[in-house]
Protein chains: 2
Amino acid sequence: MASIKDVAAEAGVSVATVSRVLNDHPSVSADARARVLAAVGTLGYRPNAVARSLRTDQTHTLGLVISDVMNPYFTELARSVEEEARALGYSVIIGNADERPDLQDHHVRNLLDRRIDGLLVSPTDGGSPLMLDAVRAGTPMVFVDRWIPGVDVPVVRADGQGAVRDLVAHLHGLGHRRLAIIAGPAATTTGQERVAAFRAALHAYGLDLPEEYIGQGDFQAESGRRVTEGFLDLAAPPEVVFAADNLMALGALDAVRARGMRVPDDIALAAFDDIPWFVHTDPPITAIAQPTGELGRAAVRALVDRIEGRPPQSVTLPARLVVRRSCGENPNPVQRSTS
Amino acid sequence: MASIKDVAAEAGVSVATVSRVLNDHPSVSADARARVLAAVGTLGYRPNAVARSLRTDQTHTLGLVISDVMNPYFTELARSVEEEARALGYSVIIGNADERPDLQDHHVRNLLDRRIDGLLVSPTDGGSPLMLDAVRAGTPMVFVDRWIPGVDVPVVRADGQGAVRDLVAHLHGLGHRRLAIIAGPAATTTGQERVAAFRAALHAYGLDLPEEYIGQGDFQAESGRRVTEGFLDLAAPPEVVFAADNLMALGALDAVRARGMRVPDDIALAAFDDIPWFVHTDPPITAIAQPTGELGRAAVRALVDRIEGRPPQSVTLPARLVVRRSCGENPNPVQRSTS
DNA sequence: CGAAGTCGTGTAATCGATTCCACGAGGAGG
DNA sequence: CCTCCTCGTGGAATCGATTACACGACTTCG
């Protein structure tokens with residue numbers, strides 16, 4: 001592979017001049033520039049990003065550590081992050097933690113070793129020492145979706161409180177009174193917040209959220225299935241199951257089907273996180289939609305601001321309720337098609 | 001950030017010794033080793049992967065360029081690729097081409113500039129000059145899922161012929177005679193092959209695949225919708241629509257619904273690529289399942305073989321039919337749950 | 001007892017870029 | 001005509017690792 005030296009030789013100039021042409025530094029004669037460009041062309045030269053990074057101490061690369069790639073929500077997040085980063089001149093390296101703190105640490109370490117310019121994280125847990133060290137060491141970082149309390153890092157996330165209130169209003173209006181939730185891991189902020197928001201909304205309607213109606217899930221389909229089975233085994237099973245993410249909703253649907261029961265006739269189902277497939281499930285599932293693309297873009301902007309020395313901003317965007325048929329009689333038509 | 005020099009100073013040895021300890025080179029005294037390790041600990045030193053790569057000319061990184069991250073098939077592929085790569089001591093950088101040749105080139109160029117050790121590609125088109133140049137220049141490369149004919153690069157893919165035959169047998173057995181296909185882009189091998197396999201299977205049953213029953217899609221949901229609408233507008237609409245990937249099947253489902261028609265009563269639907277959601281659509285969709293995880297792992301093994309000087313092998317694994325209810329009366333129960 | 005390893009270690013070259021500094025040529029101004 | 005800039009250029013240091021080579025101290029063996 002041709003190096004800058006080869007180009008310099010071919011063009012009959014020094015490597016300094018080649019470098020100047022490549023970084024379009026002003027003081028290069030038109031003649032030299034032309035000769036260098038020609039040499040670059042004939043040799044098919046491409047600068048070695050590794051060497052450049054070593055010298056400049058910048059990789060123009062962002063790390064993104066997400067909790068689970070197989071979750072369409074995070075896939076979409078990753079996509080929008082990459083798009084915005086590309087627009088701003090950065091590349092993205094994605095690390096998939098699969099909801100496992102050890103894997104999360106593996107990727108964070110790997111990204112740090114590669115000297116990425118900044119890190120976007122949706123933490124799987126309450127904060128590994130590794131990540132806290134990185135923050136303390138001054139690594140530019142931004143939390144997206146989930147965050148770690150007590151750490152001074154900008155957070156870009158959706159606020160579901162309003163939408164959860166709308167959901168409970170909808171459910172209450174349909175006559176449901178026994179509402180249960182499949183929660184996410186308590187170690188994640190989204191795991192806790194969604195339960196808190198749900199409980200608060202229920203209280204507003206004079207309803208309770210008893211312990212046995214809080215199932216402990218882990219944001220994966222299998223846990224949704226398991227928890228739902230537990231709910232169905234109760235002496236007084238809930239009339240509604242609200243899954244704190246889309247994969248657990250999928251598991252819940254499985255569990256209900258496996259018993260030969262029907263949604264929404266025998267039990268209603270709603271989910272946090274809306275995805276295109278929810279339009280086509282049987283029945284279409286009522287869900288709380290996050291502005292996923294906007295979150296990803298805002299997170300990148302915040303991180304790049306931080307990297308480039310501008311003050312980064314935390315951002316909170318509202319989520320909204322999308323009513324479909326999985327909770328019962330629905331006065332409105334479907335409001336959202338695939339896209 | 002501490003460098004190897006700092007560690008050397010702290011431990012009272014030379015950088016050479018530190019390096020030897022880090023790469024566990026045999027000739028280092030126990031005493032020196034202990035002092036270096038202690039220094040590494042107190043400084044929290046981590047070797048700079050950028051510098052190391054520059055010197056050794058290896059990044060221990062694989063590039064993966066896929067056609068569309070939002071397609072669950074590719075997401076799963078990416079996940080298994082990363083897993084296997086990690087097991088073999090490599091990291092993976094994913095580039096999402098979004099079915100756009102220009103974006104594909106952007107990522108290939110970016111990965112090449114970063115001096116990745118090898119490239120895994122599922123080409124969006126018939127082969128950009130950039131990629132062909134890379135092959136000619138000796139970049140270790142392996143094609144996965146799709147490939148470019150006439151290029152001497154190992155291919156890891158699934159063979160759908162048998163499964164398509166099974167599908168046609170199933171459809172024929174259910175009494176369907178007018179079968180249509182939503183094809184992928186002709187520039188991709190999977191786009192062509194699936195049509196060819198379908199046509200061959202139809203012939204075996206004495207059936208034809210007329211031009212108007214071949215819709216040109218692009219592997220995205222929207223094209224599935226458009227093509228399906230075209231089919232429904234025909235004087236003699238098909239009784240079955242076979243979508244060459246899961247996203248186009250989603251679009252087809254949309255189109256059918258939008259007309260107020262029902263699957264499978266008014267029209268049957270089948271898809272190439274099976275995904276967890278197909279169990280839960282209304283109705284559950286009959287699909288051809290690829291051994292996605294196995295493909296990803298085999299592709300990584302082939303690429304790493306190539307990188308490390310062993311002869312790489314092309315691999316072809318069989319896909320299989322999973323019958324559900326979207327094509328009509330089904331004697332067998334669902335054979336596959338989510339996972 | 002001297003020659004010939006062996007072992008542990010350090011010095012310095014190297015990878016491919018960027019960039020500070022020095023230098024020579026040419027132009028402007030006194 | 002001399003001085004002082006400006007401009008274009010090249011030499012060389014530098015980033016943080018790895019590794020070939022040299023060297024001194026010990027062993028080992030004839």
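Letters A, B, ... mirror the listed sequences (proteins, then strands); counts begin at 1.
The side chain of B/N48 contributes no N or O atom lying less than 4.0 Å from OP1 or OP2 of D/dC15.
Using a cut-off of 4.0 Å between Lys/Arg side-chain N and Asp/Glu carboxylate O, B/R100 and B/D98 are scored as not salt-bridged.
Among residues two or more places apart in sequence or in another chain, the ring pair (Phe, Tyr, Trp, His ring centres under 6.0 Å) test is passed with B/H106 by none.
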Write out a two-atom table: protein N or O, nucleotide N or O from nucleotides 5-11 of chain D, distance below 3.5 Å.
unit_1	atom_1	unit_2	atom_2	d
D/dT9	OP1	A/S29	OG	2.7
D/dT9	OP2	A/S29	N	2.8
D/dT9	OP2	A/S29	OG	3.2
D/dG10	OP2	A/S14	N	2.9
D/dG10	OP2	A/S14	OG	3.0
D/dG10	OP2	A/T17	OG1	2.7
D/dG10	N7	A/R20	NH2	2.7
D/dG10	O6	A/R20	NH1	3.4

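For A/T75 (side chain) and A/V69 (main-chain N/O), a donor-acceptor pair under 3.5 Å exists by modelled atom type.
Taking five base pairs at each end of the helix from C/dC1-D/dG30 to C/dG30-D/dC1 and finding the rotation axis that steps the C1' atoms of four pairs onto the next four gives two axes whose angle is 50°, to the nearest 10°.
Looking at heavy-atom distances under 4.0 Å, A/D57 makes no contact with the nucleic acid at all. If you check every strand for non-hydrogen atoms under 4.0 Å, B/S19 touches a base. Using a 4.0 Å heavy-atom distance criterion, A/R52 is classed as a sugar-phosphate-only contact.
Under the ring pair (Phe, Tyr, Trp, His ring centres under 6.0 Å) criterion, the residue pairs touching residues 30-64 of chain A are A/H60-A/Y90, with sequence neighbours excluded. Listed by first and then second residue, the salt bridge (charged side-chain N to carboxylate O under 4.0 Å, His left out) pairs involving residues 104-131 of chain B are A/R46-B/D113 (not counting sequence neighbours). Screening residues 290-300 of chain A for salt bridge (charged side-chain N to carboxylate O under 4.0 Å, His left out), with sequence neighbours left out, gives A/E294-A/R297, A/E294-A/R301.
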Task: side chain to side chain donor-acceptor pair (under 3.5 Å) evaluation trace for B/T124 with B/Q104 - done: CA-CA 7 Å; B/T124 312; B/Q104 170 180 272; 2.9 Å; yes

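When distances are taken from the side chain of B/S3 to each of D/dA17, D/dC15, C/dC15, the shortest belongs to D/dA17.
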